[in-house]
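Please read all numbers here as calculations on a predicted model, not as lab measurements.
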Amino acid sequence: MKAEIIPFPSNTRSQAVRVSRDAQPAAIIAALGISQPRAVVCLNGGTAKLDEDLSTRLESILVDGLARVASEESLTLITGATDAGIFSMLGRGVEKWGLNAPLIGVAPDKLVTWPGKEAGDVPLEPHHTHFVLVEGDDWGDETDEMYALISDLSHDCPFVAVFAGGGQITVREMQTNVAQQRTMILIAGSGRNTDAVLEARRTGGSSDESIAQIAAEGRIVPFDIHSDAQALGRLIQELLFSPGRRTGTAR
């Protein structure tokens, strides 16, 4: 496995590896030269176009909440890699606050594009430092490899996942976090299945069995989208670094 360099027009250069869906995470980490993280945060959720008010509110939280605390605390970030939706917002936050640790994007190789690559429809977000491009034809084909990578990276450090909006792939990502007994911050008011899980948690059930199972069994911490953006940063710090708390889990 050998890393390649992806150059972007903004003069940023990212390392990338193309891998099979059952690639060994340790080999990926070695090929990309990623050192042991201090802590890991994964951002999962929607890339669909949002109404202006929701988009503005969510971008504020991700830029001045998640991206800021990631910069200040040297958190390794993992995302869905594309220059769309919440991942674009995080990229703008990285542009504002800078990076002191890797920002790793994981996506299906065939579906993404970058300068010099003709195939693929969705561009990669250019502020990522590393990309893991997984063999696959559909969105979601990368999920298992993403969380195998997360399991290796967070084996000896704390971890938390942040969810906003999202469809069925987001449900699958939440189910993986439930199975791995990992803490999830769900941004209340961000829409779609993130809100569906929070509603099921509030009411005690859902007609959707997957949503109901996540709500009942997940380690869920709600965060109101109307809260101050920096409050998200403080919440992440508390979950990752408060004495006696460890949000990652052993393999």
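Donor-acceptor pairing under 3.5 Å is recorded for the side chains of Tyr147 and Asn44. The closest side-chain donor-acceptor pair between Asp22 and Ser20 falls under 3.5 angstrom.
For the atom pair CE (Met146) and OG1 (Thr79), the distance works out to 6.5 Å, reported to the nearest 0.5 Å. Taken from CD in Glu173 to CG in Asn177, the straight-line distance is 8.5 Å, to the nearest 0.5 Å. How far OG1 of Thr183 is from CD1 of Ile236: 12.0 Å, rounded to the nearest 0.5 Å. Glu72 CD to Gln237 CD: the interatomic distance, rounded to the nearest 0.5 Å, is 7.0 Å. A distance of 6.0 Å separates CG in Leu153 from CD1 in Ile34, rounded to the nearest 0.5 Å. One finds the OG1 atom of Thr82 at 9.5 Å from the CZ atom of Phe131 (value rounded to the nearest 0.5 Å).
Arg192 meets the salt bridge (charged side-chain N to carboxylate O under 4.0 Å, His left out) test with no other residue; sequence neighbours excluded. By the salt bridge (charged side-chain N to carboxylate O under 4.0 Å, His left out) test, Arg38 is found to be paired with Glu73, residues two or more places apart in sequence or in another chain being considered. Qualifying side-chain hydrogen bond (donor to acceptor under 3.5 Å, both in side chains) partners for Asp121, counting only residues two or more places apart in sequence or in other chains: none. For Glu125, the side-chain hydrogen bond (donor to acceptor under 3.5 Å, both in side chains) partners two or more places apart in sequence, or in a different chain, are His127, His128. Scanning for side-chain contact (heavy atoms from CB on, under 4.5 Å) contacts around Leu111 gives Pro108, Trp139, with sequence neighbours left out. In terms of the salt bridge (charged side-chain N to carboxylate O under 4.0 Å, His left out) criterion, Glu135 has no residue partners (sequence neighbours excluded). For Trp97, the side-chain hydrogen bond (donor to acceptor under 3.5 Å, both in side chains) partners at least two apart in sequence or on another chain are Asp64. Scanning for side-chain hydrogen bond (donor to acceptor under 3.5 Å, both in side chains) contacts around Gln230 gives an empty result, with sequence neighbours left out. Listed by chain and number, the residues in a side-chain contact (heavy atoms from CB on, under 4.5 Å) with Glu217 are Val178, Gln213 (sequence neighbours excluded). Here Leu50 pairs with Leu54, Ser55, Leu58, Met89 under the side-chain contact (heavy atoms from CB on, under 4.5 Å) rule; sequence neighbours left out.
For residues 52-63, every residue pair satisfying the salt bridge (Lys or Arg N to Asp or Glu O under 4.0 Å) rule, not counting sequence neighbours, is listed here: Glu59-Arg92.
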Open item on the list: Please determine whether side-chain contact (heavy atoms from CB on, under 4.5 Å) holds for the pair Ile6 and Arg13, giving the CA-CA distance in whole Å, both sets of side-chain angles, and the decisive distance to 0.1 Å.
Closed with: CA-CA 6 Å; Ile6 296 178; Arg13 293 164 62 84; over 6 Å; no

TODO: Could you give me the CA-CA distance, side-chain angles and deciding distance for Val134 and Val132, then say whether side-chain contact (heavy atoms from CB on, under 4.5 Å) is met?
DONE: CA-CA 6 Å; Val134 182; Val132 179; 4.1 Å; yes

- [ ] Take Arg182 and Cys42 through the test side-chain contact (heavy atoms from CB on, under 4.5 Å) and record every step on the way to the result.
- [x] CA-CA 11 Å; Arg182 296 181 181 278; Cys42 182; over 6 Å; no

Open item on the list: Evaluate Arg21 against Glu142 for salt bridge (charged side-chain N to carboxylate O under 4.0 Å, His left out), listing each step before the verdict.
Closed with: CA-CA 7 Å; Arg21 291 169 68 176; Glu142 78 284 4; over 6 Å; no

Open item on the list: I'd like to know whether Ile5 forms a side-chain contact (heavy atoms from CB on, under 4.5 Å) with Ser14, so could you lay out the CA-CA distance, the side-chain angles of the two residues, the decisive distance to 0.1 Å, and finally the verdict.
Closed with: CA-CA 6 Å; Ile5 300 297; Ser14 305; over 6 Å; no

TODO: Show the numbers, then the answer: is there a salt bridge (charged side-chain N to carboxylate O under 4.0 Å, His left out) between Arg234 and Glu238?
DONE: CA-CA 6 Å; Arg234 293 191 294 271; Glu238 178 187 353; over 6 Å; no

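At a threshold of 4.5 Å between side-chain heavy atoms, the hydrophobic network of Ile, Leu, Val, Met, Phe, Trp and Tyr places Leu239 and Leu66 in one connected group. Grouping the Ile, Leu, Val, Met, Phe, Trp and Tyr side chains by contacts below 4.5 angstrom, directly or via other members, places Val63 apart from Ile86.
Here the shortest heavy-atom pairing between Arg201 and Pro222 reads NH1-CG, 3.4 Å. Shortest non-hydrogen contact noted between Gly80 and Ala107 is O-CB, 3.8 Å. Scanning both residues, Phe223 and Asp228, for their nearest heavy atoms gives CZ-O, 3.7 Å.
With Lys117 contributing its side chain and Val112 its backbone, the two residues share a donor-acceptor pair below 3.5 Å. Using modelled atom types, no side-chain atom of Asp138 and backbone atom of Asp141 make a donor-acceptor pair closer than 3.5 Å. In this structure, the side chain of Ser227 does not engage the main chain of Ala231 through any donor-acceptor pair within 3.5 Å. With hydrogens and angles disregarded, no donor-acceptor distance shorter than 3.5 Å links the side chain of Thr76 to the backbone of Ala101. Proximity of a side-chain donor or acceptor of Thr194 to a complementary backbone N or O of Ser190 within less than 3.5 Å is not detected. Side chain of Thr12 to backbone of Phe8: no donor-acceptor contact under 3.5 angstrom is found. In terms of modelled atom types and a separation under 3.5 Å, the side chain of Asn100 and the main chain of Ser71 share a donor-acceptor contact.
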Name each donor-acceptor pair under 3.5 Å that joins a side chain in residues 161-172 to protein atoms two or more places apart or in another chain, with its distance.
from	atom 1	to	atom 2	distance (Å)
Arg172	NH1	Gly140	O	2.9
Arg172	NH2	Asp144	OD1	3.1
Arg172	NH2	Asp144	OD2	3.2

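Around CD of Glu199, the count of heavy atoms belonging to other residues, nucleotides or ligands within 6.0 Å exceeds 12.
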